[in-house]
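So the structure is just underneath, and the comments pick up after that.
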Amino acid sequence: MNNHIMPTYQRLPVAFEKGDGAWLWDDANNRYLDALSGIAVCNLGHAHPAIHHALMAQSAKLIHTSNIYRNSIQEHLADRLIEKSAMDNVFFCNSGAEANEAAIKIARKYGHERGIEVPAIIVMEKSFHGRTLATLSATGNIKVQQGFAPLVDGFVRVPYNNISAIEDALTHNPSIVAVLVEPIQGEGGINIPEPDYLNQLRNLCDKHQLLMMLDEIQSGIGRTGKFLAHQHSTSIPDVCTLAKALGNGVPIGACLARGKAAEILTAGTHGSTFGGNPLACSAALAVLTTLDKEDLISSATTKGDLICAGFSEKLKNNQHVVDIRHIGLMIGIELDCPCAELVKMALHQHLLINVTNDTVIRLLPPLIINDEQIHLLVNQLTTLIYEFTHTL
Ligand SMILES: *Cc1c(COP(=O)(O)O)cnc(C)c1O
C-alpha cells in the first residue's frame, strides 16, 4: 500500500505488469485470466496490436492541440460513431461521468428552452451514472451518495423496468424533461429489462416530449452483441452516452445526440480541454475498425451464449444459484447470499472476476476471449462457486 495515494479504492493485493489478450501477468510473472476487462474497458483485450500501433503512430505526429482548432481525427471518429449509431452529432469528453454530465446539461437546457424553469430528469433505482456531483446524485445507490450532501437537485427516482412507474411520476411532476436509463444495468447487478421496455419508453418519451437518454457506458461498444445495446430494440434514443470500451483503456467519453437534442449545446455552452484529442480519438478509431475487422460484435453473442450454457449446465444442481442472466458478454450469476468473498478466492486461483450489488457475480470478459479461455473460465468459476456455497 502507498500512503501517497488517497485511499478511495479497496484494492486487491496484486499489481499487473503486462497483458496479452485475455491474459494478464503480475509482478511475480504469474498468469491470470481476465474475465472483467478492467470493468468493460478492454473489450479488445490487453496489448492489442491495432491499439498499440494507432497510439505509436499518432503520438509520433500529434497528441493534443485544443478544441479551439479543427481536429480531423475527432471529425473522422464522429463520422464513424454517427454511422454506427443513427445519432446526429457527438460531444467528446474523457470519461463516463463526463459524458453523463453533458447529457444532464442537454436535458436541463432543453427544459429551459421549453419554458420549464426547474427541469427534472427521471432516473432509476439501482442505476449507476458516475461519481461527479450531478452523476452521483443521478445514481440509485445510497453508498455512492453518503457524505456528499447537498446532492444535485432535479432527479426523480423510479424502479427500473417499470413503465407505469414512469407514467405515474409524469402525472405528479409536469417539470420532467428527460429519462436517463441504462439499457442493461451493470453496477446494479446485470439487470436486463423486458424486451419491449425501451420501445415502450420511446413511445412514452415521444408522447410527453421527453428526451430518452441512454447510458451505454458499460453496455456499448459491442459488449452485448450489438454495437450499442439499444440496437437490440427498434428504438433510437435522443441522447446516448459512451466511454469505457470506446478507447480500450485510453480515456475517452462521448455524448451522442439526435434531432432536437443535438441542437441544444451551442458554442460556449460546454467544453473540455482534453475531450476528443488526437491521441484518444486515434485509439477509438482503432477500436471501431478492429471490432468490424475481427467480427467481434457478433462473436460477443456466440461467446456469451456458450459461456452461459456452460454455467447453466454445471450450476443447475446448486440451489444457491438464483439466476444466470446475460446479453452477449454482459454476464451476471446471482446467488442467494452476499458473495464478495468469491473475488478473493478467484484471485488466488488467478482468475479475475467481480461481484456487484452484493450477490451478483459479474463477468465482463474481453470480446477476444478464445475457446480455451472460455472453458477455463467456466470450469474454474463453477468449482469456486461450489467451494464457496459448500461453506454456507
Ligand atoms: C462506469 C460507468 C459510468 C462512469 O464512468 P466513469 O468513466 O468511471 O466516470 C457511468 N455509467 C455507467 C453505466 C458505468 O458503467
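For the single chain, residues carry numbers from 1 onward in sequence order. Note that this is a predicted model, so its numbers are computed, not measured. Numbering of ligands and ligand atoms starts at 1, following listing order.
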Query raised in the report: Would you call Asp196 and Arg202 a salt bridge, taking side-chain N to carboxylate O under 4.0 Å as the test?
Result: no
Cationic tip of Lys126 within the cone over Tyr160's six-membered ring, i.e. under 6.0 Å and within 45° of the normal?
no
Is there at least one protein heavy-atom neighbour under 4.0 Å from atom 8 (O) of ligand 1? no
Does Thr139 reach the main-chain N or O of His129 with its side chain, forming a donor-acceptor pair under 3.5 Å?
yes
- Heteroatom distance test (Asp215, ligand 1): nitrogen or oxygen, under 3.5 angstrom: yes
One finds that the ligand 1 atoms under 4.0 Å from a non-hydrogen atom of Glu182 are 13 (C)
Numbered in order shown, the ligand 1 atoms found under 4.0 Å of a heavy atom of Lys244 are 1 (C), 2 (C), 3 (C), 14 (C), 15 (O)
Note: Asn100, heavy atoms under 4.0 Å from ligand 1, region reported as side chain
Self-check item: Polar atom proximity, Ala97 to ligand 1 (N or O, under 3.5 Å)
Solution: yes
Check: Gly130 N/O within less than 3.5 Å of ligand 1 N/O: no
Exercise for the section: Take Lys105 and Glu101 through the test salt bridge (charged side-chain N to carboxylate O under 4.0 Å, His left out) and record every step on the way to the result. Expected result: CA-CA 6 Å; Lys105 282 181 73 171; Glu101 288 275 347; over 6 Å; no
Query raised in the report: Taking everything shown except Asn2 itself, do over 12 heavy atoms lie less than 6.0 Å from its CG?
Result: yes
Given the options Ile374, Leu381, Leu351, Leu33 meets side chain to side chain contact (heavy atoms under 4.5 Å, CB included) only with Leu351
Are any of the N/O atoms on Gln218, whether in the backbone or the side chain, positioned under 3.5 angstrom from an N/O atom of ligand 1?
yes
- Query: Are Asp27 and Lys18 within salt-bridge range, i.e. N to O under 4.0 Å?
  - Reply: no
Any side-chain donor near an acceptor of the partner, Thr389 and Asn318, under 3.5 Å: yes
The answer for which part of Ala243 has a heavy atom under 4.0 Å from ligand 1 is neither
In ligand 1, the atoms that come under 4.0 Å of a heavy atom of Ser95 are 7 (O), 9 (O)
Of all protein heavy atoms, the one nearest atom 5 (O) of ligand 1 is Gly96 CA, 3.3 Å
Restricting to heavy atoms, the pick from Glu187, Gln185, His129, Glu98 nearest atom 10 (C) of ligand 1 would be His129
